[in-house]
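Here is the structure we will look at, set down as structure tokens.
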Amino acid sequence: MPDSGGPAPPESGSKELPRPAAKVLFGRFKLVRLLGFGASARVYLARDLHSGRSVALKAIPKGRAAKNGLSHNVVREIAIMRRLRHPHILRLLEVLASRSKIYFVLELARGGELFAQVARGRLPEDISRRYFRQLISAVGYCHSRGVFHRDLKPENLLLDDAGNLKVSDFGLSAVPEQIRGDGLLHTLCGTPAYVAPEILDRKGYDGAKVDVWSCGVILYVLNAGYLPFNDPNLMAMYRKIYRGEYRCPKWTSPELRRLIGRLLDPKPESRITVDGILRDPWFKKGLGEEEWAALAKFHSAETADLENGKLWKSEEPDRALNAFDLISFSSGLDLSGLFGPPSNRERFVSAEPAEAILARAEDMGAKEGLVVRRKGEKGLAGVVVEGQIGNLVASVVVRRLADGLLVVEAEDGGGAAEMFFLKEKLLPALKVPATEPGSSASVTDRPHPVS
Ligand code: AMP
């Protein structure tokens, strides 16, 4: 499909006025047309003028997201999606922000929603199997990295132009940090018809089991063309879900019937696992060893790393900040600065050498009779300033932004005296007056790329 959405040249002799020029965001993304609406966002087809590549641009108004309490969903979605790389998971390529909106630059799924296909009628069993395999491969990969989607449904499954599945919308997904002491998740979420029974009884649930249940509902819908649990009365629908009360349509093969039964098992303890699904005869039917191995690839060294606690927390210390960090000025999962920086932290960009900045931090701490020490590794250096009893007064971290540019992040230890030290002593010492050569520009004053 051509997607050169530029202004059409006026026909010769035509009296029509030329259409207004297509909007170009950040001097780079030319908006072509609207692809769809979400709960809090519009998604546009856009052309990246730098690469010539077509992308999907999801525009999330900051104000609306904050008002609807969705800021943390956006932040979580970024934190999660930036870590996921799988052929059947929609890639988040970049995050940009203007004063009023956050933009996700996403891999384009030209085929639209899988839901639209099912809405036209049920799918043949072989086609359902193909989508289901791709879904399980993606879900297994997420689980092996400690990510649980929690809102799997055909509307969140997009298709690329080759008809391959792309799981999207990680706004409700959970990561290990959200698991409570009992090892379970407790947030009520999901879409009613796809929600697992254990979410309804509010005693906590295992994110992996809940995703497997939703995969069962999806498989049922692909095969039947309608929902397994449905009732105009929500309570009656929940009762059916709770009891696992559904009937497969008569065209369902016995093997598929059996698998759906294992997926839609209301007891999470006996419900089939992703490993079990991979070994299931209906799932494996006609699948060569190599194809099977490719689908089950998530069982790799990465899983072992996760079990060793390495994967989720790991950040390569010696890397320049990327676009995600620039917008959020985040480290690890802490993207809380996205909707406004916390008051006890300030960041600025400097063209000075890191050593000069850190030395001034040390001098200022020592001058105030505090204890100072260096911390950090290559590419991420810092100074910690402590009181005489080891209490944190302030910390300074310096990261490489680009050649010759650094981001300096200074934070106080919480408390009035600490805040005073940060604002009145440390920050003025760290920043070179704007008139001097090698001066710093405060990015908290202008945190947004220009649109
Ligand atoms: P969302 O806000 O993510 O639910 O997206 C709203 C709608 O926009 C989706 O239901 C799709 O129809 C469309 N959409 C979202 N992301 C993409 C994408 N990467 N490629 C194509 N269409 C998309």
Side-chain angles (χ1 to χ4, degrees), residues 1-5 25 28-48 51-97 100-120 131 134-135 138 142 147 149-173 189-195 214 218 221-222 323-324 338:
M1 179 196 61
D3 59 359
S4 55
L25 293 174
R28 181 172 158 200
F29 294 101
K30 186 168 169 183
L31 297 192
V32 177
R33 67 179 166 85
L34 189 66
L35 284 169
F37 291 92
S40 59
R42 279 164 184 253
V43 182
Y44 298 91
L45 172 65
R47 168 86 79 182
D48 180 347
S51 65
R53 183 176 175 179
S54 291
V55 293
L57 207 63
K58 181 167 171 174
I60 306 162
K62 284 186 189 176
R64 199 181 314 156
K67 205 165 84 195
N68 299 341
L70 294 174
S71 324
H72 61 282
N73 286 14
V74 175
V75 167
R76 189 168 46 210
E77 192 166 0
I78 296 172
I80 289 173
M81 283 189 85
R82 64 186 280 202
R83 285 170 164 80
L84 301 176
R85 250 170 217 258
H86 185 275
H88 299 298
I89 296 175
L90 201 71
R91 284 273 294 139
L92 176 59
L93 304 169
E94 242 175 282
V95 181
L96 300 163
S100 59
K101 291 192 185 83
I102 293 166
Y103 295 91
F104 285 10
V105 183
L106 293 159
E107 174 188 3
L108 179 64
R110 285 183 192 274
E113 294 174 15
L114 178 59
F115 182 75
Q117 267 203 33
V118 190
R120 289 194 290 270
Y131 289 138
Q134 297 184 347
L135 172 65
C142 288
V147 174
H149 189 287
R150 303 197 297 180
D151 195 21
L152 290 167
K153 54 185 174 179
E155 295 89 321
N156 288 338
L157 305 179
L158 302 178
L159 300 171
D160 67 9
D161 41 10
N164 286 315
L165 199 82
K166 302 276 174 179
V167 177
S168 80
D169 226 334
F170 284 79
L172 286 181
S173 46
C189 55
T191 303
Y194 291 84
V195 119
S214 304
I218 291 170
V221 170
L222 298 180
F324 301 109
L338 194 60

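We're numbering straight along the sequence, starting at 1. Order of listing sets the numbers, starting from 1, for every ligand and every atom in it.
- With Ser168 contributing its side chain and Asn156 its backbone, the two residues share a donor-acceptor pair below 3.5 Å.
- Residues passing the side-chain hydrogen bond (donor to acceptor under 3.5 Å, both in side chains) test with Arg91: none are found, sequence neighbours excluded.
- Inter-residue side-chain proximity for Glu113 and Val118 is flagged as unmet; no heavy-atom pair is nearer than 4.5 Å.
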- List the steps, then state whether salt bridge (charged side-chain N to carboxylate O under 4.0 Å, His left out) holds for Arg28 with Asp48. CA-CA 6 Å; Arg28 181 172 158 200; Asp48 180 347; 2.9 Å; yes
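- Taking Lys58 as the reference, nothing meets the side-chain hydrogen bond (donor to acceptor under 3.5 Å, both in side chains) condition, with sequence neighbours excluded.
- In this view, Tyr103 satisfies the side-chain hydrogen bond (donor to acceptor under 3.5 Å, both in side chains) rule with no residue, not counting sequence neighbours.
- Closer than 4.0 angstrom to ligand 1 sit non-hydrogen atoms from Leu35, Gly36, Phe37, Gly38, Val43, Ala56, Lys58, Leu90, Leu106, Glu107, Leu108, Ala109, Glu113, Leu158, Asp169.
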